2 protein chains.
Amino acid sequence: MSTALPRRGIPDATVARLPDYLRVLTGMAARGIPSTSSQQLAAAAGVRSAKVRKDLSYLGTYGVRGVGYDVEHLAFQIATELGLARDWPVVIVGMGNLGRALAAYGGLSQRGFRIIGLFDHDPAMVGQLVADIPVAGMDALPGVAATGDVLGVIATPAESAQAVADALVSAGVTSILNFAPGTPGVPAHVELRKVDLATELQILAFHKMRRSGTGHWAQVAP
Amino acid sequence: MSTALPRRGIPDATVARLPDYLRVLTGMAARGIPSTSSQQLAAAAGVRSAKVRKDLSYLGTYGVRGVGYDVEHLAFQIATELGLARDWPVVIVGMGNLGRALAAYGGLSQRGFRIIGLFDHDPAMVGQLVADIPVAGMDALPGVAATGDVLGVIATPAESAQAVADALVSAGVTSILNFAPGTPGVPAHVELRKVDLATELQILAFHKMRRSGTGHWAQVAP
DNA sequence: TAGATTGTTAATCGATTAACAATC
DNA sequence: TAGATTGTTAATCGATTAACAATC
């Protein structure tokens with residue numbers, strides 16, 4: 001008999017918020033705050049306290065009724081749940097402006113991600129140092145990605161995204177974050193998430209239009 | 001009597017997908033494809049065809065049963081619905097690596113966004129050209145943002161995000177896209193969306209761990 | 001007409017929220 | 001004990017999906 005395993009199936013919506021809670025808790029820990037409440041956590045993360053309690057309840061019962069949560073302990077539990085008890089190797093493909101910005105982003109190593117490779121298609125770029133790491137050609141990708149659970153980041157223009165996704169998949173990468181516009185096709189066993197600046201701005205514009213009434217429909221006079 | 005207004009209240013989940021459909025349709029139009037189906041659209045956007053039809057049904061009935069959708073007409077309708085019949089002015093605050101990458105990102109002007117101002121706190125940065133636009137100091141923000149429906153982008157380190165958000169709100173900006181880690185507080189009438197590289201990677205890592213079983217829980221032998 | 005594909009229905013699933021008993 | 005705050009319940013809300021009648 002094994003002991004009861006922690007419950008599976010943390011809702012996706014909860015998983016998406018755990019990094020926020022973790023960041024808030026890490027900040028509190030750095031400022032020497034020993035304990036907190038769902039109320040305080042909620043205010044800092046921009047959600048409601050009931051949501052915080054519900055989210056945390058999926059991980060286990062780490063709070064104390066009438067008292068709150070121990071900051072360091074809760075941070076550790078969330079980090080563990082997110083798989084951050086270990087380091088994650090990351091490769092970035094595409095050393096244009098965006099790729100360079102991502103490579104230089106200090107928040108990565110700080111949060112357990114280790115850049116193990118930077119790649120670019122352009123021979124003129126190969127060998128250059130970006131964030132103290134020499135840029136490699138695409139032919140070097142399979143060797144680097146063979147390391148194991150590598151997370152791949154696509155930071156190329158839209159035109160190259162599919163080819164890069166194919167190269168990453170061929171190299172054995174099964175977790176890809178795509179910053180290029182569009183959605184490259186990948187096999188079912190590969191997870192692809194995407195971030196697109198223009199999409200985010202379009203959503204903002206839509207909501208703004210609805211709020212301010214400056215859109216395309218004429219105001220109906222009474 | 002006015003004619004019936006188009007129905008309000010397009011679901012948020014649908015609004016978030018409309019930019020994807022629009023991008024796919026724009027690509028089809030550029031390749032001279034005259035019409036398409038929910039099936040093809042779905043494949044290109046990475047969703048199911050039923051979802052495409054349901055999403056499009058919130059905009060109106062722009063398809064033809066047995067035939068499909070006219071690519072140009074549908075693209076126009078989605079663009080109109082998203083408020084892209086007009087240009088949207090954008091200001092970017094923070095001219096580090098990320099801010100420079102965003103400023104140089106051609107996809108913006110291509111999709112109806114016009115950068116009307118780049119700002120940085122650092123006097124040494126002020127006056128420099130980024131993407132052919134001179135960087136201004138923060139004191140110039142109110143004048144530029146007074147234009148009207150400006151969308152604000154925060155591309156600073158986490159420490160400055162709250163101060164920049166405050167400055168944007170003071171300048172009258174009510175739509176903000178935040179690339180800095182963390183969630184600055186803003187008044188209720190201001191919409192703040194956020195994009196965080198580390199958060200996205202943490203979600204990928206979580207799912208990867210669950211898939212590959214390389215996480216912290218030992219495999220239970222049978 | 002026969003074949004194709006939409007728009008809509010209805011069932012299911014997942015996420016949010018408020019309220020409150022449990023309990024420190 | 002009295003006050004505070006969690007963890008959980010149950011109701012509500014929103015999103016997804018498959019199926020199919022409508023119809024080109």
Side-chain angles (χ1 to χ4, degrees), chain A residues 4 6-21 24-25 28 33-71 73-75 77-78 81 188 203 206-207 210, chain B residues 4 6-21 24-25 28 33-71 73-75 77-78 81 188 203 206-207 210:
Chain A
R7 64 191 83 41
R8 304 288 76 179
I10 299 180
D12 283 342
T14 295
V15 172
R17 285 187 292 268
L18 290 179
D20 292 332
Y21 302 149
V24 170
L25 289 165
M28 287 176 170
I33 298 172
S35 77
T36 188
S37 66
S38 62
Q39 188 60 248
Q40 293 177 305
L41 257 172
V47 298
R48 290 170 185 271
S49 65
K51 196 179 264 183
V52 169
R53 291 196 299 279
K54 191 100 178 78
D55 285 339
L56 296 181
S57 76
Y58 292 112
L59 311 189
T61 60
Y62 298 126
V64 180
R65 290 164 130 103
V67 176
Y69 302 90
D70 181 88
V71 167
H73 184 239
L74 185 56
Q77 293 298 342
I78 294 178
E81 191 66 34
I203 295 171
F206 174 83
H207 289 139
R210 287 292 161 96
Chain B
R7 65 191 84 38
R8 303 289 76 180
I10 299 179
D12 283 344
T14 295
V15 172
R17 284 187 292 267
L18 289 179
D20 292 332
Y21 302 149
V24 171
L25 288 165
M28 287 176 170
I33 299 172
S35 76
T36 189
S37 67
S38 61
Q39 189 59 247
Q40 292 175 304
L41 258 172
V47 299
R48 289 168 185 271
S49 66
K51 195 179 265 183
V52 169
R53 292 197 300 278
K54 191 100 179 78
D55 284 339
L56 296 181
S57 75
Y58 291 112
L59 312 187
T61 59
Y62 299 126
V64 179
R65 289 165 131 102
V67 176
Y69 303 89
D70 180 88
V71 167
H73 183 240
L74 186 55
Q77 293 298 341
I78 294 178
E81 190 67 34
I203 294 171
F206 174 83
H207 289 139
R210 286 292 162 96

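Just so it is clear, the structure is predicted and the values come from calculations on it, not from any experiment. Proteins get letters first, then strands, A, B, ... in listed order; numbering begins at 1 in each.
Put simply, CD on A/Gln39 is 15 Å from P on D/dG7, counting in whole angstrom units. Rounded to an integer number of Å, the gap from B/Leu74 CG to C/dT6 C1' is 12 Å. Taking atom OH of residue A/Tyr69 and atom C1' of nucleotide C/dC24, one finds them 13 Å apart after rounding to whole Å. Spacing between atom CG of A/Leu56 and atom C1' of D/dT6 amounts to 10 Å, rounded to whole angstrom units. Whole-Å rounding puts the B/Leu59 CG to C/dG7 P distance at 10 Å. With rounding to whole Å, B/Ile10 atom CD1 is found 15 Å from D/dG14 atom C1'.
With sequence neighbours left out, B/Asp20 forms a side chain to side chain donor-acceptor pair (under 3.5 Å) with A/Lys194. Listed by chain and number, the residues in a side-chain contact (heavy atoms from CB on, under 4.5 Å) with B/Ala75 are B/Leu22, B/Leu25 (sequence neighbours excluded). In terms of the side chain to side chain donor-acceptor pair (under 3.5 Å) criterion, residue partners of A/Gln77 (sequence neighbours excluded) are, by chain and number, A/Tyr62, A/His73.
Across all non-hydrogen atoms, the minimal contact from A/Ser38 to A/Tyr69 is N-CE1, 3.9 Å. The minimum heavy-atom distance linking B/Thr14 with B/Asp55 is given by the pair OG1-OD1, 2.7 Å. Contact record, B/Val15 with B/Pro19: O-CD, 3.0 Å, taken as the closest heavy-atom pair.
To the nearest 0.5 angstrom, B/Tyr21 atom OH is 7.5 Å from B/Leu18 atom CG. Put simply, CD1 on A/Ile10 and CZ on B/Arg210 are 5.0 Å apart, with the number rounded to the nearest 0.5 Å.
Note on A/Tyr58: every side-chain N or O is 4.0 Å or more away from OP1 and OP2 of D/dT8. For the OP1/OP2 pair of C/dT5 and a distance below 4.0 Å, the side-chain nitrogens and oxygens of B/Ser38 include no atom meeting the criterion.
Here the side chain of A/Arg17 is nearest to one of C/dT16, C/dA15, D/dT6, namely C/dT16. In this structure, of D/dC24, D/dA15, D/dC20, it is D/dC20 that holds the atom nearest to the side chain of B/Arg53.
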Tabulate below the donor-acceptor pairs under 3.5 Å that side-chain atoms of residues 45-52 of chain A make, not counting sequence neighbours, or state none.
unit_1: A/Ser49; atom_1: OG; unit_2: A/Arg53; atom_2: NH1; d: 3.4

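For the segment residues 40-51 of chain A, the set of residues with a heavy atom within less than 4.0 Å of an atom of DNA chain C comprises A/Arg48, A/Ala50, A/Lys51, in numerical order.
When the nearest nucleotides of DNA chain C are assigned to A/Asp55 and B/Ser37 by heavy-atom distance, the more 5′-ward of the two goes with B/Ser37. Take the nearest nucleotide of DNA chain C for B/Val64 and for B/Lys54: the residue whose nucleotide is more 5' is B/Val64.
Remark: the A/Arg65 side chain and the D/dT5 base include no donor-acceptor N/O pair separated by less than 3.5 Å.
As judged by a 4.0 angstrom heavy-atom cut-off over every strand, A/Thr14 is placed among residues making no nucleic acid contact.
Helical stems involving DNA chain C, defined as 3 or more consecutive Watson-Crick or G-U pairs under 3.5 Å, span C:3-24 with D:3-24.
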